[in-house]
Amino acid sequence: MNCDILTLFPDIITAYLNESILKRAQEKHLLEVKVYNIRDFASGRHKVVDDYPFGGGAGMVIKAEPLFKAVDHLKKDGVKRKVILLSPQGKPFTQTKAEELSKETERLVFICGRYEGIDERVTASLVDEEISAGDYVLTGGELAALIVIDASARLIPGTLGDARSAEEESFSWGLLDYPHFTRPGEFEGMKVPEVLISGNHKEIWLWRRKEALR
Ligand code: 4H7
């Protein structure tokens with residue numbers, strides 16, 4: 001997976017991506033993420049990225065120009081890219097979509113909006129796909145982009161350290177998980193189910209499936 005992220009708050013993105021599983025995926029070159037500050041593509045001495053919307057209304061909107069310039073800059077290498085906007089209007093993100101993106105060979109550009117949103121001409125002429133992380137409003141698109149990248153990248157073969165966790169995740173109980181227990185076998189009077197302590201592999205497997213579907 002190859003991603004370019006356009007944001008006004010690059011630190012939010014790097015803070016999350018430079019930890020744990022996603023950090024390792026990048027080290028293994030299974031995931032490549034480049035983060036760009038939209039402000040670096042704004043013109044003028046003050047590098048203004050937002051403006052009042054035509055027709056009034058509360059708040060500011062990200063201007064079209066810096067976003068077009070940023071995408072133009074990325075496309076200078078002649079490589080085709082799919083431009084994705086994270087927005088509450090987008091198509092709801094699902095595990096199926098994550099699987100699709102994990103196999104995507106085209107480079108992906110994620111645009112993270114802020115303020116009241118972005119100039120509609122960006123959505124209309126620059127954006128190929130609009131995705132929503134869920135039916136709620138966020139302060140910015142950064143959290144939504146991280147959700148989409150996190151859920152997708154962990155499905156790239158080789159990303160999860162333990163091959164078994166990838167296998168178990170894609171197992172027949174689908175998105176459902178079963179309860180997990182760690183030592184001690186009894187904690188403040190609460191016991192680990194007997195089958196997990198003394199059961200054989202098949203019994204444990206049946207118990208987990210039953211619990212996942214409960
Ligand atoms: C694009 C357009 C994604 C991005 C508008 C982004 C929820 C999601 C944003 C907006 C997002 C999601 C700006 C409209 C903030 C609302 C208060 C950024 N919110 N916003 N306004 N569900 N916000 O994926």
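Start at 1 and go down the list; that is how both ligands and their atoms are numbered. Because the structure is a prediction, the values reported are computed rather than measured.
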Quick one: hydrophobic cluster around Met190, which other residues, with the 4.5 Å side-chain cut-off, linked directly or via members?
Phe187
Hey, is Glu100 close enough to Lys97 for a salt bridge, meaning N to O under 4.0 Å?
yes
Salt bridge check, Arg24 against Glu27: does any charged N sit closer than 4.0 Å to a carboxylate O?
no
Looking at residues at least two apart in the chain, or sitting in another chain, which of them share a ring-ring contact (aromatic ring centres under 6.0 Å, His included) with Tyr36?
none
Within the protein, flag every N or O under 3.5 Å from an N or O of ligand 1, and note the pair and distance.
{"residue": "ligand 1", "atom": "19 (N)", "partner": "Leu138", "partner atom": "N", "Å": "2.9"}
{"residue": "ligand 1", "atom": "21 (N)", "partner": "Tyr115", "partner atom": "O", "Å": "3.4"}
{"residue": "ligand 1", "atom": "22 (N)", "partner": "Ser132", "partner atom": "OG", "Å": "3.2"}
{"residue": "ligand 1", "atom": "22 (N)", "partner": "Gly134", "partner atom": "O", "Å": "2.8"}
{"residue": "ligand 1", "atom": "22 (N)", "partner": "Tyr136", "partner atom": "O", "Å": "3.1"}
{"residue": "ligand 1", "atom": "23 (N)", "partner": "Leu138", "partner atom": "O", "Å": "3.0"}
{"residue": "ligand 1", "atom": "24 (O)", "partner": "Ala133", "partner atom": "N", "Å": "2.7"}

For the CD1 atom of Ile111 and the CD1 atom of Ile38, what is their distance to the nearest 0.5 Å?
7.5 Å
Sequence-distant partners of Arg114, salt bridge (Lys or Arg N to Asp or Glu O under 4.0 Å), two or more places apart
Glu142
